[in-house]
Amino acid sequence: MTGNQTPQTSPKASLKQHCRQEAETAKLASALAASLEKLFSQNPQAHPNISLEGDLGAGKTIFARYLIQSMGHEGRVKSPTYTLCEPYPIQKNNLSFTAHHFDLYRMRDPLEWQEAGFAEHFDVPGFCLIEWPEKAEGTLPAFDIQIQLKAGADENERFITLNALSEQGNIVINSIHVN
Ligand SMILES: Nc1ncnc2c1ncn2[C@@H]1O[C@H](COP(=O)(O)OP(=O)(O)OP(=O)(O)O)[C@@H](O)[C@H]1O
Ligand SMILES: [Mg+2]
């Protein structure tokens, strides 16, 4: 029988973590890194886009730093506040890809990221991590994962939520194992 069949979409995965100290944030970032590596090993062409959302000082840069370093990057991961974007070439388990870490807070115009030639960063093998995506006012490519960071009552406490926004995001979030 044929009829009005709506396409089946799986429910969007979500992972919430209460990180009582920075080390727990590091563990979550590292678990996400492992899941992203798994995605790239299965599909070297994958290109997840990840937003990092939260107030000033919420921990977006720290999360990006732990994520990139746990993929094997040994140098510094500095805040891209002034450069808008920093690239990190990663080589791991015979895989080669680039993490692009953006901080759009200082953009004066929502399209400044395009004028700076950053659109091509969304096409190379790897992934993009973007702080302050709201500054681009909806002009960025679609996100696969949204990471929300919120401060808790204690200064070292954070509530971190990872939401899948696409099927690719679902795959990544469903294969995260936090110890
Ligand atoms: N559990 C925690 N998780 C993450 N960061 C923490 C935690 N506890 C304390 N911190 C501290 O919070 C600060 C977070 O700063 P960070 O630069 O990452 O914020 P940000 O969200 O990137 O801010 P901005 O919007 O200014 O870029 C760091 O100094 C970090 O050491
Ligand atoms: Mg930051």
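Quick caveat, the model's predicted, so the values are computed rather than measured. Counting convention: from 1, in listed order, for ligands and their atoms alike.
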Hey, which atoms in ligand 1 end up nearer than 4.0 Å to a heavy atom of Thr25? 1 (N), 2 (C), 3 (N), 4 (C)
Compare all side-chain heavy atoms of Tyr105 with those of Glu131 and state whether any distance is below 4.5 angstrom. no
Ring-plane angle category for His18 and Phe159, please: parallel below 30°, perpendicular beyond 60°, tilted otherwise. parallel
Please report whether atom 29 (O) of ligand 1 has a protein non-hydrogen atom at a separation of less than 4.0 Å. no
May I ask you to check whether Thr61 brings an N, O or S atom to under 2.8 Å from the Mg ion (ligand 2)? yes
For ligand 1, which part of Trp132 has a heavy atom less than 4.0 Å away: the side chain, the backbone, both, or neither? side chain
Side-chain contact, heavy-atom cut-off 4.5 Å: Asn49 with Leu140? no
Option nearest atom 18 (O) of ligand 1 (shortest heavy-atom distance, choices Asp154, Ile160, Ile62): Ile62
Does Asp55 approach ligand 1 within less than 4.0 angstrom via side chain, backbone, both or neither, non-hydrogen atoms only? backbone
Indicate if the distance from the Mg ion (ligand 2) to the nearest N, O or S atom of Asp103 falls below 2.8 Å. no
For His121 and Phe118, take the angle between the two ring planes, folded into 0 to 90°, and tell me which bin it lands in: parallel under 30, tilted 30 to 60, perpendicular over 60. parallel
Can you tell which part of Glu155 has a heavy atom less than 4.0 Å from ligand 1: side chain, backbone, both or neither? backbone
Between Phe40 and Phe127, is there a side-chain heavy-atom distance shorter than 4.5 Å? yes
Numbered in order shown, the ligand 1 atoms found under 4.0 Å of a heavy atom of Thr61 are 17 (O), 18 (O), 20 (P), 22 (O), 27 (O)
Which is it for Glu131 and ligand 1 at heavy atoms under 4.0 Å: side chain, backbone, both or neither? side chain
Location of contacts on Asn156 toward ligand 1, heavy atoms closer than 4.0 Å: both
